[in-house]
**Q** 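What follows is a structure written as structure tokens; I'll ask about it next.
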Amino acid sequence: MNEYDSDRIHNALDVELTGNPKDADYIIVNTCAIREKADQKALSSLGRYKHLKSNNPELIIGIAGCVAQLYGKKLLKQMPYLDFVLGPRAIPNLPQIISEIETKNTRKIDISFDIEEVFEVNPFHEEGRVSAFVSIQQGCNKRCAYCIVPTVRGNEVNRPMEDIVKETVYLLSKGVREITLIGQTVNSWKQDKYKFGDLLRTVGELEGLERLRFTTSYPRDITKRMVDAMKEVREVCSHIHLPVQSGSDDVLKLMNRTYSRQWYLDSVNRLRDAIPDIAISTDMIIGFPGETDSDFEQTLSLLDEVEFESSFSFKYSPRPGTVGEKLAKTDSIDDKISGERLSIFQEKQKYYTLKKNLERIGKIEEVLVEGFSKHDNNYLFGRTTHNRIMNFEGGGNLVGKTVNVRVEEGLPNSLRGVIPN
Ligand code: SF4
């Protein structure tokens, strides 16, 4: 979502990017507030640019995204060199903000939620990209106890199907082959009689589209229509990112995730019954306030039961104004214990990721080639339908194409293969 927002910021300004901050006329730090560490990192990175103003007094420095939304005016007070603060929903107002700063020599803050255009058609698009995001939803109506997203991104707003199709058609005309539909709870998307499954079918049929992905799904919003579309539309990839956050019913309840462990497992089974080879990845929060040893054991046993392909796992960190923050005042988990639990979880996950990669050896995988590997120029890289990275030898003419690759090696985080003769 943040990557997509960075593109929207670039698009709104319609300027060239420079790799060197010293050459910049505008420096905008786009931020994430999901965890305390990301939030602090964003703020400290801003400080690195303030000295550039002494050489270039015209330089405009701004902060955008969820940290901007969260701290608002405070940031202008704390950082006298900052010219503007811009919330994620206010990105379309950026050109006007810049123009006022330039003409009136003022400082600006826009953290409004109530602007009409929360989506813009035809976002910035860098030539040569094989894969692109299309935002179908802003904000979130769920209220997970640990999460700051509804506070900083507002309630759920679904983008009309017509606009989603228009943007996708535009991207396909620019050579994009893979679209990832993005939203905070992407599969809760709806518009009148249309539900997410209908959207998958409509976008999946667009000419030139090779692959369709979506993220992030909410377990309670999985429907038969969605699963049927995933099974029947050839372009929809065999992968779902389905955050569970904990394997313990007690913790899920405290987190206000609105489903139980069994509900989640039933959803996994429904998906696997329909698409037996589907890859399932997840998010896990370790050390949520109140998490006991036995709760953590249940998280480990859920991992054993599902055998996730991969997971993003983090130590819980309290976010301002959330229910989790209140719980942490009385029931926080010792940092050392959370750290130990996180390492145990991650070690187990590594085992399953490698196991899944080793199981692919000898199989022929369809790979959409994205470019040359950063580590070795002789190798191309791309993704399989299961969202695994595959490296293999080949020429630049294959970039943007789907090729069959036989898996030769299963590595901890990727596959290595060859194009069969
Ligand atoms: S579903 Fe929960 S975790 Fe996801 S964005 Fe909404 S409130 Fe946050």
Side-chain angles (χ1 to χ4, degrees), residues 1-9 27-49 61-79 82-94 97 108-115 118 133 135 137-157 182-186 215-216 218 241 243 245 255-257 283-289 312-329 332 335 338 342:
M1 194 61 85
N2 284 66
E3 265 182 56
Y4 185 80
D5 283 349
S6 295
D7 280 354
R8 291 170 66 212
I9 290 169
I27 294 180
I28 301 170
V29 176
N30 190 28
T31 59
C32 171
I34 199 96
R35 288 180 302 127
E36 201 176 2
K37 207 169 163 188
D39 163 335
Q40 292 313 318
K41 233 168 134 178
L43 293 178
S44 65
S45 81
L46 265 173
R48 284 204 298 272
Y49 304 119
I61 300 182
I63 180 167
C66 294
V67 174
Q69 186 76 37
L70 182 63
Y71 300 119
K73 261 193 214 157
K74 265 196 227 161
L75 297 172
L76 285 182
K77 265 196 209 144
Q78 279 169 9
M79 303 180 193
L82 196 60
D83 295 292
F84 70 87
V85 174
L86 181 77
R89 285 237 178 144
I91 291 173
N93 293 345
L94 182 58
I97 289 170
K108 297 286 294 179
I109 174 163
D110 192 343
I111 49 173
S112 50
F113 277 162
D114 51 356
I115 57 166
V118 287
F133 296 123
S135 170
Q137 187 183 63
Q138 288 276 353
C140 180
N141 283 350
K142 315 285 194 269
R143 292 293 178 265
C144 303
Y146 51 83
C147 185
I148 198 148
V149 167
T151 315
V152 289
R153 287 191 179 262
N155 281 336
E156 179 183 302
V157 180
I182 55 170
Q184 235 70 52
T185 54
V186 74
T215 198
T216 297
Y218 188 74
H241 186 69
Q245 310 296 10
M255 287 177 166
N256 194 27
R257 284 293 284 180
D283 293 341
M284 205 66 89
I285 295 173
I286 307 291
F288 188 73
F312 294 113
S313 52
F314 300 101
K315 266 195 286 186
Y316 169 75
S317 71
R319 304 287 47 224
T322 58
V323 172
E325 189 195 29
K326 280 189 207 129
L327 295 174
K329 285 191 178 133
S332 76
D335 197 54
S338 293
L342 182 66

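For clarity, every value in this text was computed on a predicted model and none was experimentally measured.
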**Q** Taking all atoms of both residues into account, what is the closest heavy-atom pair of Leu76 and Lys108, and its distance?
**A**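 That closest heavy-atom pairing would be CD1-O, 4.1 Å.
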**Q** Which pairs, with at least one residue in residues 138-149 and sequence neighbours excluded, count as a salt bridge (charged side-chain N to carboxylate O under 4.0 Å, His left out)?
**A** Lys142-Asp221
**Q** Who passes salt bridge (Lys or Arg N to Asp or Glu O under 4.0 Å) against Asp5, sequence neighbours left out?
**A** Arg8, Arg153
**Q** Without placing hydrogens or testing angles, list every side-chain donor-acceptor pair under 3.5 Å for residues 38-48, not counting sequence neighbours.
**A**
{"unit_1": "Asp39", "atom_1": "OD2", "unit_2": "Tyr71", "atom_2": "OH", "d": "2.8"}
{"unit_1": "Asp39", "atom_1": "OD2", "unit_2": "Arg319", "atom_2": "NH1", "d": "3.0"}
{"unit_1": "Asp39", "atom_1": "OD2", "unit_2": "Arg319", "atom_2": "NH2", "d": "3.3"}
{"unit_1": "Ser44", "atom_1": "OG", "unit_2": "Gln40", "atom_2": "O", "d": "3.4"}
{"unit_1": "Ser44", "atom_1": "OG", "unit_2": "Lys41", "atom_2": "O", "d": "3.1"}
{"unit_1": "Ser45", "atom_1": "OG", "unit_2": "Ala42", "atom_2": "O", "d": "2.9"}

**Q** Which heavy atom of Leu75 sits nearest a heavy atom of Ala68, and at what distance?
**A** CD1-CA, 3.9 Å
**Q** With rounding to the nearest 0.5 Å, note down the distance linking SG in Cys147 to CD in Gln245.
**A** 8.5 Å
**Q** So, taking the atom named CG in Leu94 and the one named CG in Leu86, what distance separates them when rounded to the nearest 0.5 Å?
**A** 5.5 Å
**Q** Which heavy-atom pair separates Arg257 from Cys144 by the least distance, and what is that distance?
**A**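 Reported closest heavy-atom pair: NH1-SG, 3.3 Å.
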**Q** On a heavy-atom basis, which atom in Val29 and which in Tyr49 lie closest, and how many Å separate them?
**A** CG2-CE1, 3.9 Å
**Q** With sequence neighbours excluded, what pairs up with Asp335 under the salt bridge (Lys or Arg N to Asp or Glu O under 4.0 Å) test?
**A** Lys315
**Q** Counting distance only, does the side-chain N/O of Gln69 pair as donor-acceptor with the main-chain N or O of Ile111 below 3.5 Å?
**A**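 Checking the backbone N and O of Ile111 against the side chain of Gln69, a donor-acceptor pair under 3.5 Å is found.
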**Q** Just wondering, do Tyr316 and Pro289 contact through their side chains at under 4.5 Å, heavy atoms?
**A** yes
**Q** So, taking the atom named CE in Met1 and the one named OG in Ser135, what distance separates them when rounded to the nearest 0.5 Å?
**A**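 Met1 CE to Ser135 OG: 5.0 Å, rounded to 0.5 Å.
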**Q** Atom CD of Glu36 and atom CD1 of Ile148: how far apart are they, to the nearest 0.5 Å?
**A**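 Interatomic distance, Glu36 CD to Ile148 CD1, rounded to 0.5 Å: 10.5 Å.
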**Q** CZ/Phe314 to CZ/Arg35 distance, rounded to the nearest 0.5 angstrom?
**A**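 Taking CZ in Phe314 and CZ in Arg35, the distance rounds to 4.0 Å.
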**Q** Might you point out which heavy atoms bring Gly65 and Thr31 nearest each other, and give the distance in Å?
**A** C-OG1, 3.6 Å
**Q** Which heavy-atom pair separates Gln137 from Glu156 by the least distance, and what is that distance?
**A** NE2-CD, 3.4 Å
**Q** When rounded to the nearest 0.5 angstrom, what is the spacing between CG in Asp110 and CD1 in Ile97?
**A** 4.5 Å
**Q** Looking at residues at least two apart in the chain, or sitting in another chain, which of them share a ring pair (Phe, Tyr, Trp, His ring centres under 6.0 Å) with Phe84?
**A** none
**Q** Quick one: ring pair (Phe, Tyr, Trp, His ring centres under 6.0 Å) partners of Tyr146, sequence neighbours excluded?
**A**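 Here no residue qualifies.
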**Q** Can any side-chain N or O of Asn141 pair as donor or acceptor with the backbone N or O of Asn155 at less than 3.5 Å?
**A**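 A pair under 3.5 Å: no.
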